[in-house]
Colleague: 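Below is a structure I'd like to ask you about.
Each chain gets a letter, A, B and so on, in the order the sequences are listed, and its residues count up from 1.
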Amino acid sequence: MPGADLLSSLNSEQREAVLHGRGPLLVLAGAGSGKTRVITHRLAHLVRSGVDPRTITAVTFTNKAAAEMRERAQALLGGAALAAFIGTFHSWCLRFLRRRHREASLPPRFAIADTSDQLALVKEAMAELSISEQVLPPNAVRGRISNAKNALVTAERFAAMETDYAGERIGQVYALYEKKLAATGALDFDDLIARSVRLLASDAAVLADERRRIRHLLIDEYQDTNSAQDALVKRLGEGADSLAAVGDEDQAIYRWRGAEVEHILRFEEDFPGACIVALEANYRSTARILAAAAGLVSHNRRRREKRLRADRGEGAAVRLWHFEEDRAETEAVAREVASSGKAPGEIAVLYRTNAQSRPFEEELVRRRIPYVVVGGMKFYERAEVKDVLAYLRLAARPEDDLAFRRVVNVPARGIGAATLDRIAAVVRETGRSWWEASADLSGVTERARTALARFREIVVDLHEKAATWTPSALLDHLLAVTGYGDLYAGSEDREDVARRENIEELLSSAREFERRNAEGATIGEYLDTVALATDADAAAASGGAVTLSTLHAAKGLEFDTVFVVGLEEGYLPHGQSAEDEDELEEERRLLYVGMTRAKDQLTLTLAGRRLVYGRVEPRRPSRFVDELPKNALEERMFGRPAPTIFAARAHEEDPADDRPLRRGKRVRHPRYGYGVILTEEGSGDETRLTVYFDRAGKKKFVARYADLTPA
DNA sequence: CTGCTTCACCTTTTT
DNA sequence: GGTGAAGCAG
């Protein structure tokens with residue numbers, strides 16, 4: 001049995017957390033303080049002291065974190081670790097709801113709607129309600145609905161709470177969206193959590209049963225829980241022998257997704273008598289990196305005062321590199337990567353937005369340096385992958401409307417808009433699924449009817465085979481019979497080649513799934529895994545490659561050498577987050593997370609000019625640069641320093657600026673009514689203003705011609 | 001009905 | 001710069 005002595009490798013605080021007995025425990029785990037180590041060792045310790053592993057549930061936020069935890073628990077415990085549940089919030093909820101679909105009044109094989117499915121339904125609902133996409137951007141509406149669900153606010157309550165014009169309309173969309181989602185027999189990501197909470201709250205027998213199953217609960221990244229997840233933890237945790245929550249409010253970076261730091265700050269009140277353990281020894285970064293990061297985050301107000309001790313000596317200064325323009329930044333970073341003498345796998349380039357990866361990718365390709373991009377366009381979001389999976393979903397359940405509509409005419413088989421409108425009308429009248437409505441359709445051409453019949457034959461065939469075939473065999477088969485396999489065949493087009501490769505990749509991922517789950521490799525299980533698998537496991541391949549990642553996706557990783565690039569206003573803080581104090585604190589934490597990924601060498605870079613949306617724009621250094629303690633830094637200018645006009649910091653409001661039409665001011669427009677100025681672009685006669693109107697949404701004007709008056 | 005074109009709008013971050 | 005929606009010729 002591996003890991004004979006579990007405790008000898010731990011410091012005294014870590015040991016206390018691992019040995020904690022009954023009741024609630026909060027572990028405040030600073031960056032690099034051995035958080036995962038504590039969770040996995042605690043899990044191992046519980047099993048060693050006689051706890052049945054099946055009664056242990058460990059929950060994380062990402063698949064990546066869950067996979068790592070499973071791996072490390074296995075290293076300590078061997079196969080016994082596999083009996084414990086180790087997975088994400090969403091995967092726990094999905095299993096729970098599948099098991100309890102009857103009590104939750106859900107169809108037995110309900111589908112999962114991803115973000116793009118949600119968006120499609122929102123657009124559809126808005127069209128039916130005659131709400132213009134100009135006035136309310138569908139994606140923003142989607143976000144509002146998602147936030148509401150994460151706060152356990154139903155459509156009815158939303159309508160009661162939101163009484164302004166936009167809120168009212170969003171409430172209507174929310175209600176219709178819910179109706180549509182229910183009609184297709186699907187749940188969205190947020191429903192997985194919210195419906196689980198609702199079921200546990202309303203059904204005492206189910207709750208009692210779950211509490212019997214879960215004796216010990218471990219929650220990772222507690223600072224990132226949203227209200228629904230927090231409610232779930234409370235429901236389950238209150239009945240358990242022990243509840244261990246691990247987190248660090250300085251690394252809370254998911255506020256925009258409904259997470260609230262309050263949950264961790266309030267833990268002792270919610271769980272009276274909770275034991276609190278602070279892990280303050282940092283084993284990852286050298287002292288100067290840590291000092292720079294700590295100095296930055298100390299500007300935040302909503303946090304617990306804490307002191308991280310560096311365990312690894314002084315180390316090198318944090319480098320701050322100023323460039324005239326982005327090209328120079330990209331080249332310098334790539335050059336440094338090439339000449340550092342470090343293995344590519346020990347190096348990461350981190351940035352705020354996915355779009356920033358491109359120039360670095362190009363430069364690394366040019367220099368033939370291997371790299372992996374974490375996140376970005378996700379494998380399972382690619383159109384061809386979703387198409388093929390939609391066929392698989394139809395095979396499992398032909399009544400899956402979302403899947404039906406996605407592929408009914410892919411590849412094109414003569415079922416066009418007119419025919420689909422006809423089916424939609426029948427669906428609306430009868431309340432049946434698209435599959436049922438398409439069975440005997442009247443009022444369409446003979447051609448369309450034949451095409452539809454042909455499509456239905458395919459689905460019937462797939463459905464028959466779905467009960468007994470393996471996922472990969474059925475995928476293979478459906479590629480042949482649907483004609484999808486030939487869609488991109490024989491083309492030399494780069495896009496088409498990539499599509500073929502992605503489909504190939506999907507097939508091998510299905511085979512891999514079957515290999516790992518020899519027993520339960522059903523189509524349903526495969527679809528569940530895939531529905532929640534959003535990253536394409538870039539980490540696995542990163543052994544010999546430079547990691548390119550967003551700051552968000554870098555959480556939990558560490559590298560010898562880290563570059564955080566684009567330290568400019570607009571990126572850090574992001575333009576959308578510079579107004580609100582809470583959002584600003586989150587941006588600061590985001591940079592903190594990035595900086596604390598570095599073990600030995602940290603380099604921060606910024607440029608005075610940058611290509612944004614294909615236009616060269618002047619950039620100003622991030623306000624966070626000023627907050628870094630100077631004695632931990634080593635600054636360097638490449639080329640001429642930025643002109644002084646750009647050096648003025650964005651956040652210093654100019655007291656001489658008494659113009660009535662500047663950012664943040666309220667204005668009135670004769671046609672659109674009252675609103676607030678969001679952004680100013682250009683200057684003088686060229687100044688363009690973006691105004692958000694209370695009733696009409698976002699509009700852009702040339703200031704000189706717009707009939708705007710201060711309000 | 002299909003496939004090609006042009007044209008807005010876009011992107012913060014993810015299960 | 002890239003993508004999805006809309007418009008138009010076969």
Side-chain angles (χ1 to χ4, degrees), chain A residues 59-66 87-94 112-116 118-120 123 127 133-134 137-140 142-143 146 149-150 187-194 221 224-226 228-229 252-259 350-359 362 374-378 380-383 409-421 444-445 447-448 451 495 528-535 549-555 566 570-578 583 586-587 589-591 593-594 611-616 690 698 700:
Chain A
V59 183
T60 64
F61 274 84
T62 64
N63 295 309
K64 199 167 62 182
T88 63
F89 270 103
H90 290 86
S91 67
W92 187 88
C93 289
L94 178 56
I112 294 166
D114 69 9
T115 310
S116 61
Q118 288 179 44
L119 191 60
K123 285 183 180 173
E133 298 193 358
Q134 308 303 314
N139 201 33
R142 208 212 91 247
S146 173
K149 290 191 177 191
N150 286 331
L187 294 188
D188 61 29
F189 285 137
D190 309 313
D191 283 333
L192 292 176
I193 316 280
E221 308 279 15
D224 285 330
T225 50
N226 62 36
Q229 289 159 335
I253 53 176
Y254 287 104
R255 207 186 94 90
W256 53 276
R257 205 167 95 175
L350 309 180
Y351 37 78
R352 178 64 232 267
T353 66
N354 279 308
Q356 287 170 263
S357 73
R358 171 159 268 103
E362 286 166 3
V374 180
M377 179 58 165
K378 263 61 96 258
Y380 289 105
E381 287 169 19
R382 304 199 128 91
N409 199 33
V410 183
R413 46 174 75 90
I415 304 170
T419 309
L420 294 179
D421 281 349
V444 295
T445 63
R447 265 172 74 148
E495 293 288 310
D528 277 356
T529 307
V530 165
L532 297 181
T534 45
D535 1 59
S549 170
T550 62
L551 290 163
H552 281 92
K555 187 157 76 161
Y571 281 150
L572 275 163
H574 191 271
Q576 306 280 307
S577 306
E583 290 183 1
E586 177 143 312
E587 297 289 312
R589 289 192 293 266
L590 202 44
L591 178 54
V593 166
L611 204 59
V612 186
Y613 291 135
R615 293 168 65 106
V616 178
T690 307
K698 236 176 6 183
K700 241 181 175 175

Colleague: Can you measure A:Leu551 atom CG to B:dT11 atom P for me and round it to whole angstrom units?
Modeller: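 Atom CG in A:Leu551 sits about 19 Å away from atom P in B:dT11.
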Colleague: Check whether any side-chain nitrogen or oxygen of A:Asn63 sits under 4.0 Å from OP1 or OP2 of B:dT14, and answer yes or no.
Modeller: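 Checking A:Asn63 against B:dT14: no side-chain N or O falls below 4.0 Å of OP1 or OP2.
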Colleague: Considering only side-chain heavy atoms of A:Ala412, which listed nucleotide, B:dC1, B:dT2, B:dT14, is closest?
Modeller: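 Ranking B:dC1, B:dT2, B:dT14 by closest atom to the A:Ala412 side chain puts B:dT2 first.
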Colleague: Could you give the CG-to-P distance, from A:Leu192 to B:dT14, as a whole number of Å?
Modeller: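 Taking CG of A:Leu192 and P of B:dT14, I get 19 Å after rounding.
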Colleague: So what does A:Thr419 hit on the nucleic acid, given a heavy-atom distance under 4.0 Å: a base, only sugar-phosphate, or nothing?
Modeller: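 Answer is sugar-phosphate: A:Thr419 comes under 4.0 Å of backbone atoms only.
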Colleague: Could you give the NE2-to-P distance, from A:His574 to B:dC10, as a whole number of Å?
Modeller: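 About 13 Å, once rounded to whole Å.
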Colleague: Describe the nucleic acid contact of A:Ala417 in one word from base, sugar-phosphate, nothing, applying a heavy-atom distance below 4.0 Å.
Modeller: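 Sugar-phosphate: the residue A:Ala417, judged by heavy atoms under 4.0 Å, touches backbone atoms but no base.
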Colleague: Give the rounded distance in Å between these two atoms: NZ of A:Lys64 and C1' of B:dT14.
Modeller: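 Going from NZ in A:Lys64 over to C1' in B:dT14 covers 11 Å.
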Colleague: Ring-plane angle category for A:His552 and A:Tyr254, please: parallel below 30°, perpendicular beyond 60°, tilted otherwise.
Modeller: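 Ring orientation, 0 to 90° scale: tilted.
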Colleague: Does B:dT14 have OP1 or OP2 sitting under 4.0 Å from an N or O in the side chain of A:Thr550?
Modeller: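 Yes, A:Thr550 has a side-chain N/O under 4.0 Å of OP1/OP2 on B:dT14.
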Colleague: At under 4.0 Å between heavy atoms, what does A:Arg255 touch on the DNA or RNA strands: base, sugar-phosphate, or nothing?
Modeller: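 If one applies the 4.0 Å heavy-atom cut-off, A:Arg255 turns out to touch nothing in the nucleic acid.
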Colleague: Between B:dT13 and C:dG4, how far apart are the P atoms? Round to whole Å, please.
Modeller: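 Straight-line distance between the two P atoms is 15 Å.
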Colleague: What's the CG-P distance between A:Leu119 and C:dG4, to the nearest Å?
Modeller: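 After rounding, the reported distance stands at 11 Å.
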Colleague: What does A:Tyr571 touch in the nucleic acid at a heavy-atom separation under 4.0 angstrom: a base, only the sugar-phosphate, or nothing?
Modeller: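 Result for A:Tyr571 = nothing.
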Colleague: Can you tell me the distance, in whole Å, between the CZ atom of A:Arg358 and the P atom of B:dC10?
Modeller: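 From A:Arg358 CZ to B:dC10 P: 19 Å.
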Colleague: Which is true for A:Lys555 with a 4.0 Å heavy-atom rule: it touches a base, it touches only sugar-phosphate, or it touches nothing?
Modeller: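 No contact.
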Colleague: Is A:Asn354 near enough to B:dT13 that one of its side-chain N or O atoms lies under 4.0 angstrom from OP1 or OP2?
Modeller: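 A:Asn354 to B:dT13 OP1/OP2: side-chain N or O found under 4.0 Å.
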Colleague: Regarding A:Asp114, tell me which of base, sugar-phosphate or nothing describes its non-hydrogen contacts under 4.0 Å with the strands shown.
Modeller: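 The answer is nothing, as A:Asp114 stays clear of every strand by at least 4.0 Å.
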Colleague: For A:Arg447 and B:dT2, what is the distance between atoms CZ and C1' respectively, to the nearest whole Å?
Modeller: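 In whole Å, B:dT2 C1' lies 10 Å from A:Arg447 CZ.
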Colleague: Using a 3.5 Å limit for the pairing distances, which stems of at least 3 consecutive Watson-Crick or G-U wobble pairs does DNA chain B take part in?
Modeller: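 Expected stems, ordered by start: B:1-9 with C:2-10.
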Colleague: Atom NZ of A:Lys123 to atom P of B:dC9: distance rounded to whole Å?
Modeller: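 To the nearest whole Å, that distance equals 13 Å.
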